[in-house]
Participant: 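Provided herewith is a single structure, encoded as structure tokens, for subsequent inquiry.
Atom set for the values below is all heavy atoms of this structure, side chains included, hydrogens, waters and symmetry mates excluded.
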Amino acid sequence: MLMDYINKNYDKAEPIFMYELPCTSQYALRQEMKKLTDEGKLIRLYNGVYYKPYKTIFGTDGKMSINKFIEKKYLYEADESIGFISGIAMYNKYGFTTQIPSIIEVVTNTATTKQRKVEIDGYGIIIYKPAINITKENINEIEFLTMMTEIDKYCELSLDELKSKLKEYAQKKNLNFNLIKKYLPLFPDKVYKNIYNGGLMNELV
């Protein structure tokens, strides 16, 4: 039974993408999902995406986890990395700013246009197409170059703190600076300046 499979394989708040579900007929699957939705056993977020209804500790209706949605939709495909969070959330994650994003920004291979804004369950998401296709071999380098694009705009650290934080980041991510040099022309000219100001120029020569 489909609902048994869903209960066994999906947690509450986890998005359920219809293409993930086993079936012998897409038509039969759509009919079954409609039936489960009509019965209140599933909630349809939008076409092809569902989640199990649940109550919060306050007794209110729970919502789908936007973080899990983004991971499954934009960041991973068959356990392979295909994207990363960018924007203010990225600078916050790595300690360059204390700002909290009001909108989620994602760089992902699933993007079909250079930039597109969507709204999912009340959350605004901006989806960017990467300068080059993201793979497990280059994701750290593309993330780094993306981060250096606007680090001068969002960084709240002193110059010395910035240099220290960037060196720490480069070591932790084990950045391949040969790849970075290769991809550098695909990014705005200011990235080169920001790398210089960040104290990493010696890594590029």
Participant: Just how far is it from atom OG of S81 to atom CG of N140, taken to the nearest 0.5 Å?
Facilitator: 8.5 Å
Participant: With the threshold set at 4.0 Å, does a side-chain nitrogen-carboxylate oxygen contact exist between E143 and K173?
Facilitator: yes
Participant: Should the heavy atoms of other residues, nucleotides or ligands under 6.0 Å from CG of D189 be counted, would the total exceed 12?
Facilitator: no
Participant: Does V118 belong to the same Ile/Leu/Val/Met/Phe/Trp/Tyr cluster as I103, with side-chain heavy atoms less than 4.5 Å apart forming each link?
Facilitator: no
Participant: Apply ring pair (Phe, Tyr, Trp, His ring centres under 6.0 Å) to residues F17 and Y19 and explain how you reach the verdict.
Facilitator: CA-CA 5 Å; F17 290 85; Y19 65 79; 5.5 Å; yes
Participant: Within this structure, what is the CD-CD1 distance for the pair E20 and I6, rounded to the nearest 0.5 Å?
Facilitator: 10.0 Å
Participant: Could you tell me whether K34 and D38 make a salt bridge, using a distance below 4.0 angstrom between a side-chain N and a carboxylate O?
Facilitator: yes
Participant: For the hydrophobic clusters of this structure (ILVMFWY residues joined by side-chain heavy atoms under 4.5 Å, transitively), does one cluster hold both M90 and L175?
Facilitator: yes
Participant: Side chains of N138 and Y183: is there a donor and an acceptor less than 3.5 Å apart?
Facilitator: yes
Participant: Assess the side chains of Y27 and E32: does a donor N or O sit below 3.5 Å from an acceptor N or O?
Facilitator: no
Participant: Closer than 4.0 angstrom, basic N to acidic O: yes or no for E14 and K72?
Facilitator: yes
Participant: Do NZ/NE/NH1/NH2 and the carboxylate oxygens of K35 and E39 come within less than 4.0 Å?
Facilitator: yes
Participant: Would a hydrophobic clustering, with Ile, Leu, Val, Met, Phe, Trp and Tyr connected at side-chain separations under 4.5 Å, put Y192 with I180?
Facilitator: yes
Participant: Could you measure the distance from the CD1 atom of I88 to the CZ atom of F96? Nearest 0.5 Å is fine.
Facilitator: 14.5 Å
Participant: Give the minimum heavy-atom separation between Y54 and K63, together with the two atoms involved.
Facilitator: OH-O, 2.7 Å
Participant: Assess the side chains of E105 and S86: does a donor N or O sit below 3.5 Å from an acceptor N or O?
Facilitator: no
Participant: When you group the ILVMFWY residues by side-chain heavy-atom contacts below 4.5 Å and let the links chain together, are M1 and M18 in the same group?
Facilitator: yes
Participant: How long is the span from the OH atom in Y5 to the CD1 atom in I16, to the nearest 0.5 Å?
Facilitator: 10.5 Å
